[in-house]
Asker: 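Take this structure first; my questions come after.
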Amino acid sequence: MKIKLRKSLKAFNTFGLEATAKYFTEVHSPGEFDALREEGRFLAEKKFILGGGSNILLTGDFNGWVVKNAIPGITVASETETEVIVTAGAGEVWHDLVLWCVERNYGGLENLSLIPGLVGASPIQNIGAYGVETKDTFHELEAIEIDSGTRVKFGRGDCAFGYRDSVFKHRLKGRFLISAVSFRLVKLSSPKAGYHYQTEYGDVRKTLETMQVRDLSLKAVSEAICRIRRAKLPDPKEIGNAGSFFKNPSISQDQYKTLVAAYPKTPHYPQTDGTVKVPAGWLIEQCGWKGRISGHTGCHKDQALVVVNYGGATGQEILEFSEAIRRSVRERFGIELSPEVNVV
Ligand SMILES: Cc1cc2nc3c(=O)[nH]c(=O)nc-3n(C[C@H](O)[C@H](O)[C@H](O)COP(=O)(O)OP(=O)(O)OC[C@H]3O[C@@H](n4cnc5c(N)ncnc54)[C@H](O)[C@@H]3O)c2cc1C
């Protein structure tokens, strides 16, 4: 276990922002984290658990200890005739886990193909795409309380999963290092396992048709989703970004009625709790931000929801730019946008 001082985080955040960590340690096992906790300086410092850095905005140097999660391993923890519990170390690359499951014909994660980041962060914001979220297959997670070193398991009911949300973004924010996550998946190889492919969202069905897929398979759905994502989203290796900067807001029925009276073409998605979800990207685009460049930052030319670093931006600059977007959406529509990205 190496303790690095003044470590550059540029290669560890997909915005590609220049920032340093006062201390930086990569942890490859829960035991290594225990050892780190015994290091005299550790407990006194402010801490930050880092995964793939694809959902953070570093607004400056981190004056504390960055623990980079690198706990590996993917195993079948248990199985029945129709189901399998797959446990993955928090440091595994998310998409590698998806492919591992697809190759073995374990269904449930394929719609989440190509989401950047590591397994350990998947429950934090209940990652979701194309009609599927972490919570749909989540079984449990193992975590270590950072201050006490206590090992804790969280079941689905403990995580308060919501849209891009969980208890780890609120009451338990920053308190645990998630070391492993388990998923309950369907064994498609079993004749008794009924399986419903989720292909109704976005362009999934259309893409499968273009691919001339006759018999649906996990591989085909995963590939279709990779194609759509590659065509739609800017690759952080080419242009710094953290995916959607804001969440899609849910508004009340009354707010929606006022909005649609003024803007009849407002795209909207009624929610089961009676609220109405409105795409943040649409609101931002209406305010004229799509493709706008300001200094080293801006809104992506094709995706208004994606704030990008055109090179040389600072975290502060991006934060201020995002605040300007929020203000204009608030002033024009009376809707408050919340960031999906974790501001550090
Ligand atoms: C191009 C692009 C597309 C994206 N598309 C999607 C999408 O479709 N759907 C979606 O939901 N998200 C999407 N995202 C956001 C991002 O990929 C996810 O939020 C992902 O889960 C973040 O993983 P990470 O390992 O990079 O987390 P990080 O950015 O490193 O960390 C995110 C937060 O989780 C905490 N954290 C990370 N690991 C642990 C751990 N082991 N224990 C405790 N806390 C931890 C961090 O402290 C931080 O607060 C996208 C991002 C990009 C760049």
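Side chains included, hydrogens not; waters and symmetry mates left out as well; all remaining heavy atoms used. Order of listing sets the numbers, starting from 1, for every ligand and every atom in it. All figures in this text were calculated on a predicted structure; none of them were measured in a lab.
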Asker: Quick check for you: to the nearest 0.5 Å, what is the distance between Phe168 atom CZ and Asn342 atom CG?
Answerer: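 If we round to the nearest 0.5 Å, Phe168:CZ and Asn342:CG are 13.5 Å apart.
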Asker: Taking the six-membered ring of Phe24 as reference, does the cationic atom of Lys7 (NZ for Lys, CZ for Arg) lie under 6.0 Å from its centre and within 45° of its axis?
Answerer: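 Ring-cation test returns yes.
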Asker: If you look at each N/O of ligand 1, which protein N/O atoms lie under 3.5 Å away, and at what distance?
Answerer:
from     : atom 1 : to     : atom 2 : distance (Å)
ligand 1 : 5 (N)  : Arg229 : NH2    : 2.8
ligand 1 : 8 (O)  : Arg229 : NH1    : 2.9
ligand 1 : 8 (O)  : Arg229 : NH2    : 3.3
ligand 1 : 9 (N)  : Gly128 : O      : 2.8
ligand 1 : 11 (O) : Gln125 : NE2    : 3.0
ligand 1 : 11 (O) : Gly128 : N      : 3.1
ligand 1 : 11 (O) : Arg164 : NE     : 3.4
ligand 1 : 12 (N) : Gln125 : NE2    : 3.1
ligand 1 : 17 (O) : Ser54  : OG     : 3.1
ligand 1 : 17 (O) : Pro116 : O      : 2.9
ligand 1 : 19 (O) : Asn55  : ND2    : 3.0
ligand 1 : 19 (O) : Gln125 : NE2    : 3.0
ligand 1 : 25 (O) : Gly52  : N      : 2.7
ligand 1 : 25 (O) : Leu118 : N      : 2.8
ligand 1 : 26 (O) : Gly52  : N      : 3.2
ligand 1 : 26 (O) : Gly53  : N      : 3.0
ligand 1 : 26 (O) : Ser54  : N      : 2.8
ligand 1 : 26 (O) : Ser54  : OG     : 2.6
ligand 1 : 29 (O) : Ser54  : N      : 3.0
ligand 1 : 29 (O) : Asn55  : N      : 2.8
ligand 1 : 30 (O) : Gly51  : N      : 2.8
ligand 1 : 30 (O) : Gly52  : N      : 3.4
ligand 1 : 30 (O) : Gly53  : N      : 2.8
ligand 1 : 41 (N) : Asn69  : ND2    : 3.1
ligand 1 : 41 (N) : Ile178 : O      : 3.0
ligand 1 : 42 (N) : Ile178 : N      : 2.8
ligand 1 : 47 (O) : Ile49  : O      : 2.6

Asker: What distance do Tyr23 atom OH and Trp65 atom CH2 have between them, rounded to the nearest 0.5 Å?
Answerer: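 The distance works out to 6.0 Å.
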Asker: When rounded to the nearest 0.5 angstrom, what is the spacing between CD in Glu83 and NZ in Lys187?
Answerer: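 Separation between the atoms: 9.5 Å.
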Asker: Below 4.5 Å, heavy atoms only, C-beta onward: do Val308 and Val306 meet side chain to side chain?
Answerer: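 Sidechains of Val306 and Val308: in contact.
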Asker: With ring centroids as reference points, do Phe246 and Trp282 lie under 6.0 angstrom apart?
Answerer: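 No, the ring centres sit 6.0 Å or more apart.
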